[in-house]
Amino acid sequence: MYLTSPSAIRAIAAKHGFTFKKGLGQNFLTSGEVLEHIADAAEIEYGAVEIGPGFGVLTAALAERAEKVVAVEIDERLIPVLAETLMEYDNVKVINADVMKTDMAELLKSEFGDKRVSIAANLPYYITTPIITMLLESRLPVKNIVVMVQKEVAERISAEPGTKDYGAISVLCRYFTKPELICVVPAELFVPKPKVDSAVLRLKVLEKPSVSVSDEKRFFRTVKAAFSQRRKTLLNCLASNFPYGKPALTEALESVGIDPRRRGETLSLEEFAALSEKL
Ligand code: SAM
């Protein structure tokens, strides 16, 4: 697309009197190659949903591959810009809304019916984890979620148990999806240039969660509790988050073969599942 260069991005911004809002995470991608990677990684069958189209560079790449694209953009100043940059695509619908206040399940149903869609986004940094959490917890009927996030967030999401990056978001993503690193994207490829590098991740949504639990709420409560104070033992973390005494918690942990002195970040998904069943 013609907008994939810093000078083209700056020119369209100048033409529309558009100023980038840091508070909305407006760092626009200028690499055609990375856009193609994101759009390819989405493996679109029929439809695609984009969060935060900005000037529409990724939207256009998605529109080339999809029957229909729905893009949700919070910044109303971008709506007339998108009308111009996406003029040649009649398969794109732009919705001016905050994705966090949008019922995504309802939107998918009304726009795509029963057809499975892929979600793609160069996510705004300030709200990356809440958006990923919302998309996963909404249990949307989607095939892939391909997101550009800060490199350190990508490392946290794909972290293995026992590593310093492993946390509640790693467990959440591994519970619902298979995370795959697609590519690392240097900060120089954005306008304005952010402070840190980014990475593209594909979260391949699993047919069913990777471990089986009888009560998902309790499973995620257990995970959150285990990571609530990283320097404390699992026993202490659980004791400050559940209304059970330490002797009962010790018994529960030992009955599923987990040493109470271990730290939350060493537990595998299977261990979290077994523990939450006991609690
Ligand atoms: N897709 C464009 C690209 O790749 O160059 C822009 C990506 S920019 C990192 C993030 C975009 O998300 C911006 O257009 C911003 O206005 C939009 N955005 C920020 N918060 C949002 C929200 N809560 N809901 C929908 N869009 C949002």
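Just follow the structure's listing: the first ligand is 1, and inside any ligand the first atom is 1. What you are looking at is a predicted structure, and each value in this text was computed from that prediction instead of being measured.
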Short N-O contact, K278 and E254, less than 4.0 angstrom: no

- request: Tell me which part of P53 gets within contact of ligand 1: side chain, backbone, both or neither, using heavy atoms under 4.0 Å.
  value: backbone

message: Residue-level breakdown please: for L35 versus ligand 1, do any non-hydrogen atoms fall below 4.0 Å on the side chain, on the backbone, on both, or on neither?
response: neither

message: How far is atom 12 (O) of ligand 1 from the closest protein heavy atom, and which atom is that?
response: G52 CA, 3.2 Å

task: Identify, by atom number and element, the atoms of ligand 1 in contact range of A97, meaning under 4.0 Å from any of its heavy atoms.
output: 24 (N), 25 (C)

- prompt: Which residue holds the protein heavy atom closest to atom 23 (N) of ligand 1, what is that atom called, and what is the gap in Å?
  reply: D98 OD1, 2.8 Å

field: Sub-4.0 Å atoms of ligand 1 with respect to non-hydrogen atoms of E50
entry: 1 (N)

- prompt: How far is atom 5 (O) of ligand 1 from its nearest protein heavy atom, and which residue and atom name does that atom have?
  reply: L29 N, 2.9 Å

query: Checking K143 side chain against E43 main chain: does a donor-acceptor pair fall under 3.5 Å?
result: yes

same_hphob_cluster(I51, Y89) at 4.5 Å side-chain heavy-atom cutoff: no

message: With heavy-atom distances below 4.0 Å as the criterion, list the atoms of ligand 1 near N27.
response: 8 (S), 9 (C)

- prompt: Between F176 and F220, how do the two ring planes meet: parallel, tilted or perpendicular, split at 30° and 60°?
  reply: parallel

task: From the options M100, K21, E73, select the one whose nearest heavy atom is closest to atom 15 (C) of ligand 1.
output: E73

message: If I take atom CG from residue N122 and atom OG1 from residue T128, how far apart are they, to the nearest 0.5 angstrom?
response: 9.5 Å

field: Side-chain donor/acceptor of S158 to backbone N/O of P179, under 3.5 Å
entry: no

task: Note the single closest protein heavy atom to atom 21 (C) of ligand 1, along with its residue, its atom name and the distance in Å.
output: I74 CG2, 3.5 Å

- prompt: Has the side chain of D197 got a donor or acceptor atom that lies under 3.5 Å from a matching backbone atom of A187?
  reply: yes

message: When you measure from the heavy atoms of Y126 to every atom of ligand 1, does any distance fall below 4.0 Å?
response: yes

- prompt: Are there more than 12 heavy atoms of other residues, nucleotides or ligands under 6.0 Å from atom CZ of R261?
  reply: no

statement: min-distance protein heavy atom vs atom 8 (S) of ligand 1 -> G25 O, 3.4 Å

query: Tell me, which protein residue and heavy-atom name are nearest atom 19 (C) of ligand 1, and how many Å apart are they?
result: L24 O, 3.2 Å

- prompt: Looking at K204 and E180, does any basic side-chain N land under 4.0 Å from a carboxylate oxygen?
  reply: no

message: Looking at ligand 1, is there an atom of it that comes within less than 4.0 Å of some heavy atom belonging to L58?
response: no

message: Quick one: does any side-chain atom of R65 pair with a main-chain N or O of Y46 as donor and acceptor, under 3.5 Å?
response: no

task: Check each heavy atom of I131 against ligand 1 and say whether those closer than 4.0 Å belong to the side chain, the backbone, both or neither.
output: neither

- prompt: Among side-chain atoms of N236 and K246, is any donor-acceptor pair under 3.5 angstrom?
  reply: yes

- prompt: Within the distance-only criterion (no hydrogens, no angle test), does the side chain of Q229 pair as donor or acceptor with the backbone N or O of R231 below 3.5 angstrom?
  reply: no

message: Under 4.0 Å from a heavy atom of Q26: which atoms of ligand 1 are those, numbered in the order shown and with their elements?
response: 13 (C), 15 (C), 16 (O)

query: For D114, does the CG atom sit with more than 12 other heavy atoms under 6.0 Å from it, leaving out its own atoms?
result: no

Atoms of ligand 1, numbered as shown, that sit under 4.0 Å from any heavy atom of L78: 14 (O)

query: Which atoms from ligand 1 have a heavy atom of V72 less than 4.0 Å away?
result: 25 (C), 26 (N)

message: Applying a heavy-atom cut-off of 4.0 Å, say which part of M148 lies close to ligand 1: side chain, backbone, both or neither.
response: neither

For atom 3 (C) of ligand 1, closest protein heavy-atom neighbour: N122 ND2, 3.4 Å

- request: Select one of side chain, backbone, both or neither to describe which atoms of V99 lie under 4.0 Å from any atom of ligand 1, heavy atoms only.
  value: both

